[in-house]
Amino acid sequence: MKKIFFYTILRFPLGEIFLAKSCRGLSFVQFIKDRAQLEKIAEFFKEKDFSLSLDESKLHQEKKLFYHYFKGEKEDFTSLPVDFISGTPYQRKVWQEARKIPFGKTQPYRFLAQKLNHKGYRSIGQALARNPLLIVIPCHRVLRSDGTLGGFSAGLELKKFLLRLERGENSN
DNA sequence: TACATAAGAATAG
DNA sequence: CTATTCTTATGTA
């Protein structure tokens with residue numbers, strides 16, 4: 001029996017975002033850079049033998065949250081049910097820890113490492129780079145210890161945009 | 001099993 | 001600023 005996912009695509013100032021959820025919760029949130037990105041996503045679901053079905057109505061709640069968020073309103077995604085469809089146990093631990101970073105705050109990678117009791121800071125970055133739930137898992141709020149941004153899988157521009165948004169400096 | 005890689009950090013020069 | 005070293009999960013062979 002194939003697992004079924006409902007998806008929709010929503011617009012925001014920098015482009016489009018792909019949302020997918022299962023019956024258990026939100027599973028996938030990705031920035032769409034171009035058409036190739038969409039095909040990669042479709043392939044990912046195909047390889048996992050998951051079926052995708054366009055259904056906006058089933059994602060009504062999530063869409064509302066994102067629209068509010070992009071208007072600069074303080075939104076809290078922590079109570080939203082999620083359903084991880086990828087990731088090792090370690091990665092999921094890092095993701096769950098990262099979700100707890102509140103709106104508008106930033107933390108160094110070290111902060112997450114300390115919570116997990118080790119010094120392999122780089123593996124934290126590796127885990128966040130595979131974050132399947134953009135924004136819901138706020139990896140854009142994780143910076144380097146010296147205050148520089150570090151990296152971002154969906155592009156540093158997006159990371160900067162999200163940080164400005166949360167500081168209410170979304171004028172540029 | 002062995003080795004290279006990664007969105008880091010601390011330190012020395 | 002750059003170079004070096006430490007660290008650890010992960011992917012590849």
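We name chains A, B, ... by the order of the sequence lines, and we start the count at 1 in each one.
- Comment: A:E97 does not engage A:K93 in a salt bridge, judged by the lack of any side-chain N to carboxylate O separation of less than 4.0 angstrom.
- Salt bridge annotation for A:K2-A:D49: present, with a cationic side-chain nitrogen under 4.0 angstrom from a carboxylate oxygen.
- Across the protein-nucleic acid pair, A:L116 atom CG and C:dA9 atom P stand 10 Å apart, rounded to whole Å.
- Between A:D146 atom CG and C:dC1 atom P there is a gap of 9 Å when expressed in whole angstrom units.
- Heavy atoms of A:Y90 sit under 4.0 angstrom from primed sugar atoms or phosphate atoms, though from no base atom.
- Pairing of B:dA7, defined by two Watson-Crick or G-U wobble distances under 3.5 Å, is not identified with any nucleotide.
- Rounded to a whole angstrom, the distance from the C1' atom of C:dT7 to that of B:dA6 is 12 Å.
- The distance between atom CG of A:L163 and atom C1' of B:dA7, rounded to the nearest whole Å, is 13 Å.
- Checking A:T148 against A:D146 by side-chain atom types alone, a donor-acceptor pair falls below 3.5 Å.
- Between the CZ atom of A:R144 and the P atom of B:dA9 there is a distance of 7 Å, rounded to whole Å.
- Nucleotide C:dA13: paired with B:dT1 (Watson-Crick or G-U wobble, both distances less than 3.5 Å).
- The side chain of A:R130 contributes no N or O atom lying less than 4.0 Å from OP1 or OP2 of B:dA7.
- You won't find any donor-acceptor pair under 3.5 Å spanning the side chain of A:Q126 and the base of B:dA7, going by distance alone.
- Rounded to a whole Å, the CD atom of A:Q91 is 12 Å from the C1' atom of B:dA6.
- Of the side-chain N and O atoms in A:S123, none sit less than 4.0 angstrom from OP1 or OP2 of B:dA6.
- In this structure, A:K58 satisfies the cation-pi test against A:F6, with its NZ or CZ atom closer than 6.0 Å to the six-membered ring centre and inside 45 degrees of the ring normal.
- In terms of phosphate contacts, A:S153 brings no side-chain nitrogen or oxygen within less than 4.0 Å of OP1 or OP2 of B:dA7.
- A:E166 has no carboxylate O lying under 4.0 Å from a charged side-chain N of A:K105, or vice versa, which leaves the two without a salt bridge.
- Nucleotide B:dG8 holds its C1' atom 8 Å from the OH atom of A:Y109, rounded to whole Å.
- Counting to the nearest Å, the P atom of B:dG8 and the CZ atom of A:R122 are 6 Å from each other.
- For the OP1/OP2 pair of B:dG8 and a distance below 4.0 Å, the side-chain nitrogens and oxygens of A:R110 include no atom meeting the criterion.
- Between A:K119 atom NZ and B:dT11 atom P there is a gap of 12 Å when expressed in whole angstrom units.
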